[in-house]
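Step one of this worksheet: look at the structure below.
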Amino acid sequence: MPPNFVTEVIDADLASGRVERVVTRFPPEPNGYLHIGHAKAICLNYGLARDYGGRFNVRMDDTNPTTEDPEFVRSIQDDIAWLGLEWDDLRYASDGFEELFALALRLVEAGHAYVDSQSEEAIRDGRGTLTEPGTPSPYRDRSVEENLDLFGRMRAGEFPDGAHVLRAKIDMASPVIVLRDPVLYRIKHAHHYRSGDAWPIYPLYDFAHPLTDALEGITHSLCTLEFDNNRAVYDWLVGHLFPEPRPRQYEFARLVLDHTVMSKRKLSALVKGGFVDGWDDPRMPTIAGLRRRGVPPEAVRTFATRVGVTKSLSRTSPALLDESVRDALNPVAPRVMAVLDPVPLELTGLPRHVDVVVAPRFPDDPASAVREVPISKRLVIERDDVALEPPEGFKRLAPGRAVRLRHAFVVRCDTVDVDASGRVERVHATVLPDSLGANPAGERVWSAIHWVDAEAGAEATFRLYDRLFDVPNPDAVGGTFTDHLASDSLLERHGLVEPSVLRDGPDTRYQFERLGYFWRDPRDGRDDTLVFDRIVPLKDGWAKRRDAPANAGGDGALATPAAPAPSGASPDAAEVHPFAHLDAGARATAERLRDQHGVDPAAAAPIASSSELAALFADGVAAGAPATDLATWLANDVQRLTRAHGSVPAGLSGTMLARLLALVDDGRLTLRMARALLDEVAHSGEDPEALVVERGLSVQGDPAALAVWVERALAEHPAEVAAYRGGKRGLHGFFVGQVMRASQGRADPAAVQDAVREALEHGEG
RNA sequence: UGGCCCGUCGUCUAAUGGCAGGACAUCCGGUUUUGGUCCGGACGGUCGGGGUUCGAAUCCCUGCGGGCCAGCCA
């Protein structure tokens, strides 16, 4: 799998020894069918474990007895197996109910959890809002003994549903709402499909998920972005109950596909509303739907790696899936001919002895197997392939024109019969002699079209599937999402297919030449009746060209009433004064920094708004640091450090900054070196000067020494040198960069710039 | 005056302070007994403003835009 932000984390964890091996998991709740978004998550978790030689588990997150069902457990296993991915362990969160209960007990004993006896509504009210803190439950300070007693009786089934809950005792005023004493257990006298009636209480996701991860030895717990908020509880719980190495949660962006919907609720609405044929309707983005449509599993895997893994909110075009499907099928799908919208073609001049032609199953491979295709003077061809009056660019059959019958003869169209409305009804054509496997002299052959013998061809039904919705995002436009269902997402055609398909296995995926990839519908097309599903159409340059004027802009994108978002270039892009958002006290400090010390306002503002930075500034100035330089460092580098570290590193002091600055000022360190040193000493608290002496650090400004690096940089990048001399002057910075890097930041930038320019301009060649 | 996450070609995604690259889509050309495949080429991007730096997509500040969180769902 290509590198991504998760593999970076894993690389670092392995390198630091935080974990010894990788254990991932895919945690579906067995309350619905898997869809292609899940496939992405499965591929990610599986791929990580595989690539790092770790383990991958599938875990049913079955902690809510009222929604879960063994039928889904089965379908989830089927779907994952179909994807071709194997798990090391199949687990159930419900198998850990006993252990989870013990952990809850420990929390209670430690005073970290309590039984709340408020009503559901009171708990909701007490939680506060997004902008107001919550209020503590009157039961929050129950004694450990009382909590133990009550929780034990909850477990014993003494109370009715809703009488009590177990809550974590965290912080009712936390800005992170999930930390406002989250509910851990609820009373639910319900039959669980696995644990039966053994439990009257069930843990909630926020409790069960992290702790099950920990129990299972998961190292990297991957989930989608919306669980970002829940990470706070995750860390709180495993932090209180498990030693390192604890599992850590990382969130990635879920897959969102254009022109479809992915939520369980909406998918279910499509099924229940009869808008589709079921969960495995080939138009559905479910794994079952993809499978029934004939999409090969490797195409889904390819697609999953093509979409990548990031935290950016994104929408993916179904074209990427389609292309992955074609990539998978093109090399393996035998070619055959089928006519979906047949119109009779009457031939004259077909040689008497010919009743069959031999055609390769893979025309691009000269060594491929062949099949025999019956031919007679009565054929059918595609109605689209005939025009009485051919439009501009039309390369197919029209009166007087000759085309190749694919794998057979060239025929010239004599007449075309049309009905009153102009619809083509019948075509008469003459076979050109000696055109089998050779081009007739003096005849322009416009193209090759597919055909099937009218008599020998097998009757078949063809189902043509297309995107479910005619807008990219059915949620972003007005009305209910079902308002935007495409009317033509399923088209049924009745035509003929060449009889060779009758001899193939029922699972064979074909390319119907010039049309697309098809296979026999697993539900309706596997007995005597031939029903073919179109897996994906071939790219069709002609259709694109023909439809272009009508569509004017193509793709449903236009259907979205695109608000002319003013975005960044909005009117108030005007500069905002750095002090604008400071409170009165900070503003006074900032003004003092500016007026008394000459600090740039842009640097003064962040320093003034942080007491730590302000203190460092005062100390540094007292230690003799130049105020403006110090301020710049504080506003930039120290803030960077602070952010990365979570707080001001312990070893950092104003004196240290002053010394670092002095070293730069004296020319003993470059800024870059000083910065690198800062990162180091801020944590260790070492004296910068001592480190400089110890390591023999010095600025390299000696022309002769620089010249060596410059020469090497030029020698290693001859193409860039040539490009520079050819006029691409921007490459100067590139070479400076090479030299700076080679010197590990020790070279004096100004000297390097000159040396590089000199070498580039006046060097030999 | 809630917290957090995210902004790179039309779309998805690389670049980890040093030439903004790839894939899909689009367009053009070549090969072709599939208007397919394959091959070649083109188009096209760092959300705005300020700062730090020799050098910023990347670091700092700020604005704008999008998303998530107030289930005894997961």
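All chains are named by letter (A, B, ...) in the order of the sequence lines, taking the proteins before the strands, and each is independently numbered beginning at 1.
Both tests pass for R729(A) against the ring of Y724(A): distance under 6.0 Å to the centre and angle within 45° of the axis.
Within 90° of 0 lies the glycosidic angle of rG71(B), which makes this nucleotide syn.
In this structure, Y517(A) and V325(A) have side chains that are not in contact, with every pair of non-hydrogen atoms separated by 4.5 Å or more.
Each of V410(A), D385(A), I449(A) was scored for a side-chain contact (heavy atoms from CB on, under 4.5 Å) with V403(A), with one residue passing: I449(A).
Judged by ring centres under 5.5 Å apart and planes tilted less than 30 degrees, W542(A) stacks against the six-membered base ring of rG35(B).
With rC12(B), rC54(B), rG35(B) as the candidates, the nucleotide lying closest to the side chain of S314(A) is rC12(B). Looking at the side chain of K311(A), the nearest of the listed nucleotides rG17(B), rC12(B), rC5(B) is rC5(B). Closest approach to the L313(A) side chain among rG67(B), rC72(B), rG35(B) is made by rG67(B) (side chain taken as heavy atoms from C-beta onward).
A salt bridge between D384(A) and R396(A) is absent, with no side-chain N of the basic residue lying under 4.0 Å from a carboxylate O of the acidic one. Salt-bridge formation is not detected for the pair E121(A)/R124(A): no Lys NZ or Arg NE/NH1/NH2 atom is positioned less than 4.0 Å from an Asp or Glu carboxylate oxygen.
Ring planes of F227(A) and Y205(A): tilted class, angle from 30 to 60°.
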For RNA chain B, please output the secondary structure as dot-bracket, reading 5' to 3'. Pairs are Watson-Crick or G-U wobble, both atom distances under 3.5 Å; mark crossing pairs with [ ], other-strand partners with |, unpaired with a dot. .((((((..((((....[..)))).(((((.......)))))....(((((..]....))))))))))).....
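Across the C1' atoms, rG71(B) and rA14(B) are found 40 Å apart, a figure rounded to whole Å. Comparing the same atom, P, in rA15(B) and in rC9(B) gives a spacing of 16 Å after rounding to whole Å.
Sorted by residue number, the members of residues 717-724 of chain A with any non-hydrogen atom under 4.0 Å from RNA chain B read E720(A).
Counting any heavy atom pair closer than 4.0 Å across all strands shown, G393(A) reaches a base atom. Counting non-hydrogen atoms under 4.0 angstrom, D228(A) reaches the backbone sugars and phosphates but no base. Residue contacts for S324(A): at a heavy-atom cut-off of 4.0 Å it reaches no nucleic acid atom on any strand shown. Within 4.0 Å (heavy atoms only), V165(A) reaches at least one base atom of the nucleic acid. Within the 4.0 angstrom heavy-atom criterion, base atoms lie near N230(A). Note on A635(A): only backbone sugar-phosphate atoms sit closer than 4.0 angstrom, heavy atoms only; bases stay farther off. Nucleic acid contact class of R406(A) (heavy atoms, under 4.0 Å, all strands): base. Q639(A) comes within 4.0 angstrom of the backbone, heavy atoms only, and of no base.
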Output, in order, the C-alpha distance, side-chain angles, deciding distance and verdict of ring-ring contact (aromatic ring centres under 6.0 Å, His included) for F207(A) and Y185(A). CA-CA 8 Å; F207(A) 180 78; Y185(A) 270 89; 5.3 Å; yes
